[in-house]
Amino acid sequence: MFGNIGQLFLAWFTYDLERPDGSVTAQIGDPGHRWLTAFGKYTWNSADLAVEWTEGGVFDAGSPATAQTVDGSILLEFAGCNSGTITYDLGTNNANGVVPIQRIANDNVAMCEALQAEVFGPGKPGSL
């Protein structure tokens, strides 16, 4: 998150160790990888993001050159300090759904809960 400008960046990456041959097709993104990034404004507990697809690259290589296209949206919503959802619509590919997310490291839970209590008052779960 870039708090001073109210923007959030999200990345969703997968890749194959070797590029598939040219006859292989994919429903989402490039046959050899899925590089989706999203950027947009956020409010206290949610962000509405535009999705950008990156195609044509090879992991850790300068060629082939990549191509990027904006197509789709992601709504990121936090239900509290430990969980949330990603609702995605990947545009012209007609792929959409909801992915539950949860915190995997509890390092900042106390700070998150303190901020939640400061803004919304103590004992109001789900406000953040």
Side-chain angles (χ1 to χ4, degrees):
M1 283 196 288
F2 304 101
N4 57 336
I5 61 171
Q7 301 285 313
L8 182 130
F9 176 79
L10 177 144
W12 192 348
F13 298 119
T14 68
Y15 66 92
D16 292 341
L17 293 176
E18 293 183 26
R19 291 212 40 93
D21 70 54
S23 66
V24 176
T25 61
Q27 292 179 347
I28 296 174
D30 188 275
H33 62 73
R34 310 295 180 273
W35 295 354
L36 306 175
T37 55
F39 186 75
K41 294 183 179 194
Y42 74 89
T43 60
W44 182 251
N45 71 329
S46 66
D48 191 11
L49 312 170
V51 174
E52 187 170 272
W53 298 69
T54 302
E55 297 182 78
V58 174
F59 182 74
D60 201 26
S63 98
T66 60
Q68 295 172 302
T69 305
V70 175
D71 189 16
S73 63
I74 287 178
L75 177 61
L76 172 63
E77 296 178 287
F78 293 100
C81 293
N82 290 314
S83 64
T85 57
I86 293 175
T87 304
Y88 65 91
D89 180 349
L90 300 181
T92 56
N93 291 325
N94 293 320
N96 56 64
V98 178
V99 177
I101 58 174
Q102 73 178 54
R103 183 184 292 270
I104 58 172
N106 292 322
D107 299 10
N108 293 321
V109 171
M111 180 181 72
C112 176
E113 290 172 345
L115 288 170
Q116 179 178 335
E118 183 179 314
V119 172
F120 295 106
K124 293 191 177 182
S127 299
L128 177 64

Please step through side-chain contact (heavy atoms from CB on, under 4.5 Å) for the pair Leu10 and Ile86, ending with a clear verdict. CA-CA 11 Å; Leu10 177 144; Ile86 293 175; 4.3 Å; yes
Out of Leu49, Ile74, Asp48, which residue meets the side chain to side chain contact (heavy atoms under 4.5 Å, CB included) rule with Leu8? Leu49
side-chain hydrogen bond (donor to acceptor under 3.5 Å, both in side chains) partners of Asp21, counting only residues at least two apart: Ser23
Spacing of CG belonging to Asp107 relative to SG belonging to Cys112, to within rounding of 0.5 Å: 12.5 Å
Atom of Ala47, atom of Tyr42 and distance for their closest heavy-atom approach: CB-CB, 3.6 Å
Go through the structure and list residues passing side-chain hydrogen bond (donor to acceptor under 3.5 Å, both in side chains) with Thr87, not counting sequence neighbours. none
Smallest heavy-atom separation, Val70 atom then Ala50 atom, equals CG1-CB, 4.3 Å
Just verifying a value: how many Å separate Phe78 CZ and Ile101 CD1, rounded to the nearest 0.5 Å? 5.0 Å
Residue set satisfying side chain to side chain contact (heavy atoms under 4.5 Å, CB included) with Thr37, at least two apart, ordered chain then number -> Phe9, Ala11, Phe13, Glu52
In short, Gln68 meets Thr54 closest at the heavy-atom pair NE2-OG1, 3.3 Å
Where do Gln7 and Phe39 come nearest, in terms of heavy atoms and distance? OE1-CE2, 3.2 Å
Asn106: side chain to side chain contact (heavy atoms under 4.5 Å, CB included) partners, not counting sequence neighbours: Asn82, Arg103, Val109
Please enumerate all residues that pass side-chain hydrogen bond (donor to acceptor under 3.5 Å, both in side chains) together with Glu77, with sequence neighbours excluded. none
Report yes if some heavy atom in the side chain of Trp53 is under 4.5 Å from a heavy atom in the side chain of Leu90; otherwise report no. yes
Kindly write out the residues that satisfy side chain to side chain contact (heavy atoms under 4.5 Å, CB included) with Asp89, not counting sequence neighbours, or none if the list is empty. Ser73, Asn96
